[in-house]
**Q** 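Dumping the structure here so I can ask a few things about it.
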Amino acid sequence: MKKAKALNQTYIRQWNKKFMIINHPILGPRDANEFVYKGDAELLNRPHWTPNATKRATYAEQEEFHDYLYLRNNPAGEHKELWYHEQGDRSWLIITRDTLTHQISKVELVREFLKEKVT
Amino acid sequence: MSGDFRLKGGRIDKNCEINFTFNGQSMRGYLGDTLASALLANKKHLVARSFKYHRPRGIFSAGSEEPNALVTLVKDNHSEPNLRATTIELYEGLEAKSQNHKGSLEFDLMRVNDFLSPFLSAGFYYKTFMWPKKFWEKLYEPVIRAAAGLGSLDMKSDPSVYDKGFLHCDLLIIGAGPAGLIAASEAANNGLKVLICDEDFLLGGRLNSDDEKIEGLSSVDWVRKKIGELKKLKNVRLMNRTTVYGAFDHGIFGALERKTDHIVNSHGKPRQVLWKVYSKRSLLCAGASERGISFGNNDRPGILLSSALRSYATRWAVKPGEKIAVFTNNNDGWRTARVLREKGCNVVAVIDSREDTSEQLYGINSYKGKTVVTTSGIKRIKSVTLNDGTKITVDCLGISGGWNPNIHLTCHQRGRPEWNHKTHCFIPGETPIGMKVAGSANGLFGLSEIIQETIAKTQAICKELNFTTKKATQIKASSQNLDIEPLWHVAESKARAWVDMQNDVTTKDIYQSHMEGFRSVEHLKRYTTLGMATDQGKNSNIIGLAIMAQIQKKPIEEVGTTIFRPPFTPISIGALAGRGRGKDFRPYRLTPSHKWATENGAIFVEAGNWLRAQWFPKNGETFWRDSVNREVKETRTSVGICDVTTLGKIDIKGKDAGEFLNRIYANNFGKLPIGKTRYGLMLREDGIAYDDGTTARFSENHFVMTTTTANAVLVFRNLEFYRQCIWSDFDVHLISTTDMWAQFAVAGPNSRKLLQKIVDKEFDISNEKFPFMGCKEITVCDGIIARLFRISFSGELAFELAVPTRYGDSLIRVLMEAGKEFQVTPYGTEALGVMRIEKGHAAGNELNGQTSAQNLGMGRMISKKNDCVGNIMSEREEFDDKDGLRLVGFKPMTRSQQLKAGAHFFSKGKKYNMDTDEGWMTSVAYSPILEHYIGLGYIKNGSNRLGEKVMSVDLLNNQIFEVEIVSPHFLDPEGERLRA
């Protein structure tokens, strides 16, 4: 039953928890309730790490992961963040949102963004 | 019906009489009446008692800003409190009751509070409820707090149906007064899709209450004509009885439509609909509300807003009194006097605080430069006394202190209103993006200016949305100038002067809170309760603010403003819940064997969104554990079947699927042979255990993952995150197949024999050909595709068989039929739980978001070969703590003792506190095989303490006894059964 409670919380959000519109690059304007919020788009920059079978990760390596995991900027203003179109095409998006006004200035597909980064 | 209190005309249907009761007294009104207008027509001015002092109160306004006339309506054997009589549409049989009094409304026993008022001033609770401590239970809570408050709730559940819906438009117009109607027709003519909402049941706003001239027509005729035109247009939706209650982000608005509140019998139709409106642009035409003036005893029944008097006389043809006076600080009060006289009412005086006004009405005494200092009359006003001592006998007094634009929705995105020095009111400051404001809501009070501005703004909106605009219509209309001279509070008043009638806040309370140091508006509000409750200070906020400004000798705009938040008017919880009540609170999912399980008397349990069979009681079994014990025993001795469809299933395909799984799971999957299944543990990035399950490899590039029921959605989301955001160069594709396969666990020593009866002959499932942890794509029942896994959660020889979901119902029936010779038993989630505890498998209680792989005793599983989610952080020293918590089993020393999950462990002889705490019990079950309770739990350094005895302490249930630390594998620790 403990597990059942965890799932309840995902459903309650459906109708009116979020009053926003996200302009999906492929699907056009969609109600924000179709999306799930993850957090700061910095999460894309997961540190590279190769484990060593004989010894622990170094302090510096752990520190780098620690920062990736726990340290976030909390800007009052423009913020790039990750959203997931769970009740849609299942794409992950980078959304540029002003945390003061909720205005969304840019919506990008993560995959397109990463492709451009490589080329 | 008594004609005495009805005038000629009005927008009511005098051919349609309506019977209603107020406090049990039968009365009559007409179609088109509100409860307030019908009460006034029945000469009923005293309709309520006030919140704190239990003062007699009457109807004060004619709209949703009403502070006084709150009533309880009884409909369908259910009562709803705190409804405003001024907005309740009269229907046949309406049953209303006054609230907030002990004994009758006329002789309220609580009126003694009024005489105690010197002790009940601002901050009374804060100052009184301090000491002595025992008074809390004896006096403060039961007596004082019980005496306060607005109406009381019906404790029964609301029988009405509520619904929710979505609307889309180019332009949302809020308010269907002159500005709204003109904007709608202008926008519609230019091709916009228009939605126009008004909270009133009659569209037209003040045009129904004020005789104006527009385009040569009387305002009432003009409204009829305009609405007729709009109704014919396909791109306009007119919604009356619809309150736009909130302005949210990106042009989204919330609106509440009252569908059947005005009908005797809703015939099952929804009472109210909560709309979510998506608009490209919005135009706020919400008009303005008149405000009062604070003077001595200004709260008596019979004292109304001057514009409300005009509304009752014009729209509802009600004669509000026999001797009416008006007290004003602007020209609008004179208009009321003029209109009332034209309608045939006896207006005895106009008291105008302005000395140099040119307004004059023949035959009506005017007192210019004078103010009202006090009034008399208990249940209805009898006289007013002016500051020069003049006493005038009246039975009704209209007050006009100026107009407040209804700017509420402009504040919902934290826009701060601005003070206008000409009209002495707040006008909209920054508005939500996409919103413009027109008409009185924007601080314009002359009809001609309102029309001009509205047309210009509508044209601008059309252009913003790239609609080509036609030449604007020219509309001629009358104009007026308020010429207001601010007057908030008659300072000469010695008697108490009310600022907020709903919360019984007087000018003295505002002075007092200033003296006590509550000088910010927000503090004033909280200390005095000014502007709280159902009216949210629609009348009172600005008067309070102005008085504060006077005290502080500052201009009003420097004292600060309180802004508004949704909702504009109260919304019942039922409307917010909509259909999501009881079992419809959320959708539920049924397993493929649900129908069969129902036929076989299963008891169901909610697991996530699923309804799963919990146990299957047989005849004679009265206690749930009897059934569960039998299910476990029969499964362990012969064979049992359980629907495990609810587990998440994810198909993973692609060249890099193996490497992808290597990184998702903490343990290796890339080298998993084809045709094999492996247990996998997923960590979070922080090294904490996240989810577990099995993943099978059907071909080089095709894996099938299972997740726990509860995490199915979350794990899939997580997988998509790593696929798209982190390892985006991998060739891997995911699809959730949870709903595509019906899956059954077939467990027990006879499970192979049973399955051999239905698996098609070409597939050999013997131990040699299909060993433990095998997986295979097969066919069953003559060619139906299926997937067979030799995995076991129960610890027995066991299989999981999946077929396309549409065959799920047939499959359970076929399996049960085939299993008859083995006395096959279906088992539910309880037996499943007992068997997994007997076997020492971790589940939700153990994977609780606090425990690491090391805690679970799976530390060595974590891959050292490649980067995977969570492995670096699980190398943190803290995770490797030798004395760290380890998952072990527990047995009670007294075998009959019942174990309790949640109990904590302590070494013998230690005190029971946080410092000596060594761990806790996570799961317990009665093992029918061992015939005593068994438990799983975490305890410090547990794996090295097997055989040690510790205390299990449950202080909540006061249960303290000895338990023995044992291996978590209570049954068949060598795993011989599952390899059989």
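Note on naming: letters A, B, ... go to the chains in the order of the sequence lines (proteins, then strands), and numbering restarts at 1 for each one.
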**Q** For B:Asn866, is it the side chain, the backbone, both or neither that has a heavy atom under 4.5 Å from a heavy atom of chain A?
**A**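 Answer is backbone: N, CA, C or O of B:Asn866 sit under 4.5 Å from chain A.
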
**Q** Measuring heavy-atom distances to chain A, does B:Arg723 have an atom under 4.5 Å in its side chain, in its backbone, in both, or in neither?
**A**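 Side chain of B:Arg723 only, per the 4.5 Å heavy-atom cut-off to chain A.
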
**Q** Given heavy-atom pairs under 4.5 angstrom as the criterion, report whether the side chain, backbone, both or neither of A:Leu43 touches chain B.
**A**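 Both backbone and side chain of A:Leu43 come within 4.5 Å of chain B.
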
**Q** What's the separation between atom CD1 in B:Ile664 and atom CG in B:Asn718, rounded to the nearest 0.5 Å?
**A**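 CG of B:Asn718 is found 6.5 Å from CD1 of B:Ile664.
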
**Q** Which of residues 55-65 of chain A have a heavy atom under 4.5 Å from any heavy atom of chain B?
**A**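 If one takes a 4.5 Å heavy-atom cut-off, the residues of residues 55-65 of chain A near chain B are A:Lys55, A:Arg56, A:Ala57, A:Glu61, A:Gln62, A:Phe65.
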
**Q** So for A:Phe113, is it side chain, backbone, both, or neither that comes closer than 4.5 Å to the heavy atoms of chain B?
**A**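 When you check distances to chain B, no heavy atom of A:Phe113 falls under 4.5 Å.
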
**Q** If you measure from CG on B:Asp584 to CZ on B:Arg586, what distance do you get to the nearest 0.5 Å?
**A**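 The CZ atom of B:Arg586 is 11.5 Å from CG of B:Asp584, to the nearest 0.5 Å.
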
**Q** Side-chain contact, heavy-atom cut-off 4.5 Å: B:Met873 with B:Leu683?
**A**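 No, side chains not in contact.
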
**Q** Which bit of A:Ile21 is near chain B, if near means a heavy-atom gap under 4.5 Å: side chain, backbone, both or neither?
**A**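 Looking at A:Ile21, backbone and side chain both touch chain B.
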
**Q** Which pairs of donor and acceptor atoms, one on a side chain in residues 89-96 of chain A, lie under 3.5 Å apart (sequence neighbours left out)?
**A**
unit_1: A:Asp89; atom_1: OD1; unit_2: A:His24; atom_2: NE2; d: 3.3
unit_1: A:Asp89; atom_1: OD1; unit_2: A:His85; atom_2: ND1; d: 3.3
unit_1: A:Asp89; atom_1: OD1; unit_2: A:Ser91; atom_2: N; d: 3.1
unit_1: A:Asp89; atom_1: OD1; unit_2: A:Ser91; atom_2: OG; d: 2.7
unit_1: A:Asp89; atom_1: OD2; unit_2: A:His24; atom_2: NE2; d: 3.3
unit_1: A:Asp89; atom_1: OD2; unit_2: A:Ser91; atom_2: OG; d: 3.2
unit_1: A:Arg90; atom_1: NE; unit_2: B:Glu720; atom_2: OE2; d: 3.4
unit_1: A:Arg90; atom_1: NH2; unit_2: B:Glu720; atom_2: OE2; d: 3.1
unit_1: A:Arg90; atom_1: NH2; unit_2: B:Leu734; atom_2: O; d: 2.9
unit_1: A:Ser91; atom_1: OG; unit_2: A:His24; atom_2: NE2; d: 2.9
unit_1: A:Thr96; atom_1: OG1; unit_2: A:Lys80; atom_2: NZ; d: 3.1

**Q** Checking B:Thr738 now: which residues fulfil side-chain contact (heavy atoms from CB on, under 4.5 Å) with it, not counting sequence neighbours?
**A**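 B:Thr738: side-chain contact (heavy atoms from CB on, under 4.5 Å) contacts with B:Arg589, B:Trp610, B:Lys649, B:Ser736.
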
**Q** Within the structure provided, determine whether B:Leu611 and B:Glu606 are in side-chain contact (heavy-atom separation under 4.5 Å).
**A**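 The answer is yes; the side chains approach within 4.5 Å.
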
**Q** Ignoring hydrogens and geometry, is there a side-chain-to-backbone donor-acceptor pair from B:Asn711 to B:Thr708 under 3.5 Å?
**A**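 Checked: no pair found.
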
**Q** List for me each residue that meets ring pair (Phe, Tyr, Trp, His ring centres under 6.0 Å) alongside B:His168, sequence neighbours excluded, and say none if there are none.
**A**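 Checked B:His168 against ring pair (Phe, Tyr, Trp, His ring centres under 6.0 Å); matches are B:Tyr278.
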
**Q** Could you tell me which of B:Phe253, B:Phe716, B:Phe248 has the largest number of non-hydrogen atom pairs under 4.5 Å with chain A?
**A**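 Looking at each option in turn, the highest pair count goes to B:Phe248.
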
**Q** Begin with the C-alpha distance, continue with both residues' side-chain angles, and end with the deciding distance and a verdict on salt bridge (charged side-chain N to carboxylate O under 4.0 Å, His left out) for B:Asp163 and B:Arg579.
**A** CA-CA 6 Å; B:Asp163 231 330; B:Arg579 302 256 176 187; 2.8 Å; yes

**Q** Can you tell me which portion of A:Asn52 sits under 4.5 Å from chain B's heavy atoms? Options are side chain, backbone, both or neither.
**A**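 The answer is the backbone of A:Asn52.
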
**Q** Could you tell me if B:Lys276 sits above the aromatic ring of A:Phe19, with its cationic atom closer than 6.0 Å to the ring centre and no more than 45 degrees from the axis?
**A**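 So B:Lys276 does make the cation-pi contact.
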
**Q** Between A:His66, A:Arg46, A:His48, A:Gln103, which shows the greatest number of heavy-atom pairs under 4.5 Å with chain B?
**A**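 The candidate making the most pairs under 4.5 Å is A:Arg46.
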
